[in-house]
**Student:** 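Can you read through this structure? Questions will come right after.
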Amino acid sequence: MVAYIARRLATGLVLAVLVTLITFLLLSTSFDRVVAAVLGPAATPALIGPTKERMGLDRPVLVQYLDWLGHTVRGDFGTSYFTSEDVVHAVTGRLGVTLSIILIALVISVVVSVALGVLSAARGGVADRVAQGLSLVGHLVPGLLIAIGLVFALAINLQLLPATGYTPLAEDPGRWAATIAIPVIVLVVSGIANMTAQIRGSMIDELRKDYVRTLRSRGIPTRSIVYRHALRNAAGPALTVLSLEFLQMFGAALIIENVFALPGFGSYAFNASIQGDVPIIMGVTVFSVLMVVSLNLVADLVNGWLNPKARIH
Amino acid sequence: MSVETLTAEQKPVAPRRSAARRLLKDPQALITGGLLLVIVVLGVFAPLLSGHGANDSSLDAVNAGAGTPGYPLGGDHSGRDIWARLLYSIRTSAVSAVVATTVALLVGVTFGLVGGYFSRRIRGITEWVFSLVMTFPGILLLIVLMPVTKGDVRVTMAIFGVLLSPSIYRLVRNLVVGVRNELYVDAARVSGLPVRRILRRHVLVVVRGPIIIATAFLMGSAIGVQAGLAFLGVGSSTVPSFGSMISDGFRNLYVDPWQFAWPALLLGFITASLVLLGNALRDALEGSRPKPVKIAAGPRQEPEAGESTGDLLTVRDLAIAYPTPSGELREVVSGVSLTVAASETVGVAGESGSGKTQTAFAVLGLLPAEAVVTKGSIRLHGRELLGLGERELRRVRGHSIAYVPQEPMSNLDPSFTVGAQLVEGVQASCGISRREAKERVLALLARVGIQDPERTFGCYPHEISGGMAQRVLIAGAVASEPELLIADEPTTALDVTVQAEILDLLRDLQRESGMAVLLVTHNFGVVADICDRVVVMRQGAVVETDTTLNVFRGPAHPYTRTLLESILDGSTVRTDPPVAATAGREQ
Amino acid sequence: MTASLLEVDELRVAYPRRGFRARPVEVLHGVSLTIAEGETLGVVGESGSGKTTIGRAVLGLTTPSGGTIRFGGQDITHAPAKQRRALARDLQVVFQDPYTSLNPSLTIGDILSEPLVVQGINGKDAHARVQALLDQVGLPGDAAQRLPREFSGGQRQRVAIARALAPRPKLIVCDEPVSALDLSTQALVLDLLVDIQRRTGVAYLFVSHDLAVVRHVSHRVAVVYRGDIVETGPAATVTSEPEHAYTRKLLLAAPVPDPVEQAKRRAERHRLRETPPAHVHA
C-alpha cells in the first residue's frame, strides 16, 4: 500500500517535471515581451537587452529551467516579476477564496445530485423527469451566460446581492456569503447537470443487476438495497466524475473570478498569464500538476475502498 | 437469467432501418440540426447579408437603436454594426469548433485505436502521454501561449483540440479494448484479415457512433471556451466573437441591454442546439438508454376467486406480458397452471423463450418492473400473492419462499463480504441480533459444504470460486428455513462435477428440512436426477405435467418427445471412421 | 492410416498476470495431440482446464511459451502474420457464442465473403460461393442480405460454420460450438457438422465441456485436466470405459436423462467418492 502510494507520487513528480519543462519552453519563446512588460512604458530596445541579462533570461533555456528546478526543489519558487511578492505566498494566499467557492459548490452539487440521481433511478416518474430536466438545463446554457444572467437579475435588478467584489469571511460572514453566492450557484448548476446524469445512469445499471433481485428475494428492505448496496456500487464511476468536476471548477474559476472580480487563485493565475509573470506561472503550474496527481491518487484510493476488486494488495 | 438476456431473447426481430433514417424522423435532431445549418449558412454568407464589415465603425452608429437604416440590430459602443458582428462571430465560432474538434478527433482516435488494439506495452506508452496532456492546466496554457499564437483563433483552438483529445482517446481506447476481445475480431484474424482491414472494417464501425456523438459535445465546448477567452479579452481584439460582444454588451448593459442579449442568445442557441443534437444522435445511434427500474411489486391485480387446493403452491392460469415499443402488450407466459405440494421437487423444463424463468420470478414477486401480470392467480397456502404490496411480499420472501439464482457470481454484491450479505438477509428475515445472525450464517456455510466457514465468511465474492459462490447463495436461500425454494437453473453456469455436488446438496437440504423445491432447468439430466414431477413448457405455455418417470418413459406430448429424442446420451457414439482425405473435398 | 494433419507436441502456454513483476501463470503444461485428415478429435475438460487455450494456440490467437505446433508438416508455432494469412485458407474456427462471433453491423453476405475477398477471389465468384455455402449449411439464399440479429442462435451458428467453410479449410477448430444453443438445436448443428465432414473431409478439433456432445461427433477423444491431457483414445472407449479416474468422475457426474438410470449412476458416483483414488487431487 505504502509502496503503491510512493510509486504513484513518484510518477506524479516525473509528470510535474515534464509539464513544467514544456511550459517553460513555451514561455521562453516570448521572454522579450515579458521583459518589455516588466520595464513598462520605459521599455526601449536598448534597455531590453541589459534587463534580460540582469534577469538571467538570456541564458540557454535548459540552463534556466534547471536553475528554476534547483531552486524549486529547495522550496524557493522565486518572486513575482511585477510585484516582487513571494510565489508560494501569493498562490496560497489566494487559494482560500477559490477553494471556499469550489468546495461549497462541490458539496452542494454532490448532495443534490446524489439525492436526485438516486431518486430518479429508483423511483422513475416525476423525480426522474425533474432530474433529467435539471441536468439538461445545466448542459444547455453556458455557465458564462448563467453567471451574467444571475448578476443581472439578482444584483442589478433586484439589488439582492452584490454584483461583484469580495468580503473576507473573517470580516463579515453575512457579506462573505452574499459575495460568493452567485459564483457558487453558477458552479452548482453545471455540477448538478454533470453529476446527476452520471449517478442516475450508474444507479439504473446497478438496480438492474442480478444481485439486487437476489437481495430482494431474501426479504431485505428496499431502502437498504438502494442506499447500502446499489449506491455503493454506483459510487465508483461517480467518483471519477467528481474528481473531473473538481478540476473543471478550477478551470471555470478562471473566468468566474474575473467576471465577479473575486481576488482568487483563478483571477490571479489569469493575470499572471496575461502579463507573462514567469515565476508565478511556473508556481501555478507546479501547483496544478500536484493537485491533479494527488486528486487522482485520492480518487483511486477511495475507489479501492469502495470496490474490493480494485483494491491494491 | 438476467433481465437483459430475457428481453433480448424475446424481442421481435428489429427491421433493418439505418440510424440515418431514424435521425431524419426524430424531431429533436431535425430541429436542432436545421437550426445549426441555418446559423452556419448565415455565417458563410455574412458579407452578402450585411452592409458592414465586423470592425467597420462609424461615429453615427454609436449605440444606435435597432432598426437604424443599415444597422438592423443597431450599433455598439464603438459604432460597429451588431448584425454584422453577429454574422462574423458565427464564422469565428464555426472555425473554432471545426479546428478544435478535428484536432481532438485526429489525435484521440488515432492513438485510441493504436493504444486499444495493440499490445499492452504500447498502450502503456499512450496512456502515459495522455495523462501528461491531461495534467496540463488547460486554459492557463492557452493564455500563456497567446504571444506565441498571436491571438490566432485557429492556432489557439488547435492547441485546445490537443487538450480535448484525452477524452476521445479514452473513449476510443475503451471501445477498442472491448471490441478486440470480441469473438468476431478473433474470427477475422483467423480469416487472415490484415490488421488495417480489421481496424477499418470491424473496429472503426463500433467506434463510429460514439465518436459522432462526442463530436457534437466537443464542438459545443470548443465554442464555449473560445467565447470565454474572448470574453476575458484574451486574443486578438480584431476577431469578432460572441465572447467579446458579450463582454462589450455587459459593460454597456445600462445603455442598451440588447447589445448584450443578441450575442448571448445566439451563443446560447448554438451550444444548446449542439447538446440537444448530441442527445438525439445518442438516442438514434445507441438506442434508447435504460429507464429507471422501480423496486416495487408489479401492477396490482385483483385476485380471482378460486378454492384452495391444499397444495403448498398453486399457480393458476398465469399470464405475463411485456410492453413492446409500439405500446401493445406481448405475452411471454400465457395461461400457465402448476402446483407444488409440500416437500415435493417439481421441475419446470423448457428451452429458451419458454417462459419458465418468468413464471418462477412471478411466484417470487420479482418480475422486472415493466412486466405486467395480465391474469391468473398465485397462491401460497391458499393465500393470494398477486396484488400484495412490496412490504407484504417482502415478508413472504423472507420467510416462506427463497430463491437460488443461475449465475452465482453476478448474484452476490461485489462490494460486501460474503458474510455481511448473508447476515443482512438473516437479520431481515428472522429479526435476531447481529451476533446470533453471524453464528447462524457460519453454521449454514458449514452445512452447505464449505470447508473453512470463517474464512469464506470474510471473503469478497471475487475471492471465491463459482461453485463456492453457488453454495453461499444456497446458504442464503435456506437461511430463513423456507417452505418453498425456487431454483432458477441453479447448476447451468457450473462444471458438471460441481453440478453433481450442488444437486446432492439440494437433495440433502430438502430431505432434512422438508421444504419444497421448484427447479427451473433446460437440462433433462438434472430433471431426472432430482425432480419428482416435471412441468414441460414451450413458448409460454405448459405442454405436459406428469411424474418424472412417466415423462421420461412415456412422454404424452409430441414436443416432449422431440426434446427427449434430441438429448445426446450414451447411445449416440460416433461410429463411422474418418473420411479418407482423398474421398471428399466437395466441388 | 492417413498422415497427421495437425501435430501438437509438448505445447505450453503461459498468460502474464496483472501486477508488478507477477510471474506468468502456465495454463498448459506440455500438451501433445495429433489429428489426421478428415478426423475429429474431441477435447473435453472443465472450465479452467486449458482446453480452449489449445484451440487458440493452434489458431495463433495465443502465443505458446513452449513446444511446437505443426500443420501439414509445416511448423506454425510462431508463424508470422504473413504465414498466418496464408494458413487462413486451411485453418478455420467456429466459436462458442454465435451472438458475439458475428459482427452485428455486417450482413451475412459480407461476413461470409470477407475471408474469400482476402484470399483474392473476385466479387462475382465470392457471391456464388456465398450462395453455395448458405445452401450447404441449410440457410435460405436471401439470408445474405440480412443482419445477424435477424437470426436465432442456431441459425447464427450455421452462419459461423459457413464462414469457417468458406475457404475450404482442412481443419476447423470448433470451440464449444453448441454449448450456447438450445437442446433441440444442438443436435441439429452437430449433425450438420458431421454431415459436412463426411462430404468435405475436413478435420475438426472439437473442444467441449460436454462429454455427450464430444462423444456424438468425435472419432477420438482427449481429456484435459488442469493443463494436462490425462487420457486419449477412441471415443467409444474413453467415454464409456475410461481408464483415468478423472475421466470416470467426469462421466459419472453428467446426469443421464432417465430417473432410474440416473439413480444408479448417482449411487455409483457416491461409492467412488467414498474411496477416492490417490492420484486425483480434485
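Note on naming: letters A, B, ... go to the chains in the order of the sequence lines (proteins, then strands), and numbering restarts at 1 for each one.
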**Student:** Does some side-chain heavy atom of A:L136 sit less than 4.5 Å from a side-chain heavy atom of B:L276?
**Tutor:**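 SC-SC contact between B:L276 and A:L136 confirmed.
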**Student:** Counting only N and O atoms by type, is there a donor-acceptor contact under 3.5 Å from the side chain of A:R216 to the main-chain atoms of B:L366?
**Tutor:**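 No.
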**Student:** Please find the pair of heavy atoms, one from A:T214 and one from B:N411, that lie closest to each other, and give the distance.
**Tutor:**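 Closest pair (atom of A:T214, atom of B:N411, distance): OG1-OD1, 2.5 Å.
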**Student:** Just wondering, do A:I22 and B:F136 contact through their side chains at under 4.5 Å, heavy atoms?
**Tutor:**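 They are in contact (side-chain heavy atoms under 4.5 Å apart), so the answer is yes.
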**Student:** Are B:E424 and A:H229 linked by a side-chain donor-acceptor pair shorter than 3.5 Å?
**Tutor:**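 Yes - a donor-acceptor pair under 3.5 Å links their side chains.
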**Student:** Mark yes when over 12 heavy atoms from residues, nucleotides or ligands other than A:F246 sit less than 6.0 Å from its CZ; otherwise mark no.
**Tutor:**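 Above 12, so yes.
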**Student:** Do you know which of B:P414, B:P257, B:S429 has the most heavy-atom pairs with chain A at a distance under 4.5 angstrom?
**Tutor:**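 It is B:P414.
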**Student:** Are side-chain heavy atoms of B:W128 and A:T11 found at a separation under 4.5 Å?
**Tutor:**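 Yes. Closest side-chain heavy atoms under 4.5 Å.
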**Student:** Please classify the contact between A:I281 and chain B as side chain, backbone, both or neither, with a heavy-atom cut-off of under 4.5 Å.
**Tutor:**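 It is the side chain, since no backbone atom gets that close.
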**Student:** Determine the option with the most heavy-atom pairs under 4.5 angstrom with chain B, choosing from A:P221, A:S30, A:G266.
**Tutor:**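 Heavy-atom pair counts peak at A:P221.
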**Student:** Let's test your reading of the structure: which of A:V14, A:L26, A:N233 forms the most heavy-atom pairs below 4.5 Å with chain B?
**Tutor:**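 That would be A:N233.
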**Student:** What are the two closest non-hydrogen atoms of A:S273 and B:I143, and how far apart are they?
**Tutor:**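 Between these two residues, the closest heavy atoms are CB-CG2, 3.5 Å.
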**Student:** Checking heavy atoms, do the side chain of B:I401, its backbone, both or neither come under 4.5 Å from chain A?
**Tutor:**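 Only the backbone of B:I401 comes within 4.5 Å of chain A.
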**Student:** Within the structure provided, determine whether A:T222 and B:E390 are in side-chain contact (heavy-atom separation under 4.5 Å).
**Tutor:**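 They are in side-chain contact.
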**Student:** Looking only at heavy atoms, what is the nearest atom pair of B:A428 and A:R218, with distance?
**Tutor:**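 Smallest heavy-atom distance, with atoms named: CB-O, 4.5 Å.
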**Student:** Taking C-beta and beyond as the side chain, do B:P137 and A:T285 meet within less than 4.5 Å on heavy atoms?
**Tutor:**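 The answer is yes; the side chains approach within 4.5 Å.
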**Student:** Atom CZ of B:R394 and atom CD1 of A:I220: how far apart are they, to the nearest 0.5 Å?
**Tutor:**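 With rounding to 0.5 Å, CZ (B:R394) is 10.0 Å from CD1 (A:I220).
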**Student:** So does B:R170 have more than 12 non-hydrogen atoms from other groups sitting under 6.0 Å from CZ?
**Tutor:**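 Counting neighbours around CZ of B:R170, 12 or fewer heavy atoms of other residues, nucleotides or ligands fall under 6.0 Å, so no.
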**Student:** Heavy-atom pairs under 4.5 Å with chain B are the metric here; pick the option from A:V292, A:D128, A:L18, A:V19 that has the most.
**Tutor:**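 With the most close heavy-atom pairs to chain B, the winner is A:V19.
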**Student:** What part of B:F260 lies closer than 4.5 angstrom to a heavy atom of chain A: side chain, backbone, both or neither?
**Tutor:**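 The answer is the side chain of B:F260.
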**Student:** Is the shortest heavy-atom distance from the side chain of A:K209 to the side chain of B:S410 under 4.5 Å?
**Tutor:**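 Side chain of A:K209 against side chain of B:S410, heavy atoms only: no contact under 4.5 Å found.
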**Student:** Go through B:T135, B:D413, B:V396, B:T417 and name the one with the most non-hydrogen pairs under 4.5 angstrom from chain A.
**Tutor:**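 Among B:T135, B:D413, B:V396, B:T417, the one with the most close pairs to chain A is B:D413.
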**Student:** Taking the side chain as C-beta and beyond, is there a heavy-atom pair between A:N307 and B:Y460 under 4.5 Å?
**Tutor:**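 A side-chain contact is absent here, since even the closest heavy-atom pair is not under 4.5 Å.
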**Student:** If the condition is ring pair (Phe, Tyr, Trp, His ring centres under 6.0 Å), which residues does A:F270 pass it with, not counting sequence neighbours?
**Tutor:**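 Scan of A:F270 (ring pair (Phe, Tyr, Trp, His ring centres under 6.0 Å), adjacent residues dropped) gives none.
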**Student:** With a 4.5 angstrom heavy-atom cut-off, which part of A:L247 approaches chain B: side chain, backbone, both or neither?
**Tutor:**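 Contact with chain B is absent: no heavy atom of A:L247 under 4.5 Å.
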**Student:** Any idea which of B:V144, B:T271, B:L232 has the most non-hydrogen atom pairs under 4.5 angstrom with chain A?
**Tutor:**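 Counting heavy-atom pairs under 4.5 Å, the top option is B:L232.
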**Student:** Less than 4.5 Å to any heavy atom of chain A: does that hold for the side chain of B:F231, its backbone, both, or neither?
**Tutor:**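 Only the side chain of B:F231 comes within 4.5 Å of chain A.
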**Student:** Nearest 0.5 Å, please: how far is CG in A:L15 from OG in B:S131?
**Tutor:**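 These two atoms lie 5.0 Å from each other.
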**Student:** Got a second to check how far B:L145's CG is from A:L27's CG, nearest 0.5 Å?
**Tutor:**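 Nearest 0.5 Å value for the CG-CG distance: 8.0 Å.
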**Student:** Answer whether the closest heavy-atom distance between the side chains of A:Y211 and B:L473 falls below 4.5 Å.
**Tutor:**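 Not in contact.
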**Student:** Select, from B:L274, B:V275, B:L132, the one with the greatest count of heavy-atom pairs under 4.5 Å involving chain A.
**Tutor:**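 Greatest number of close heavy-atom pairs with chain A: B:L132.
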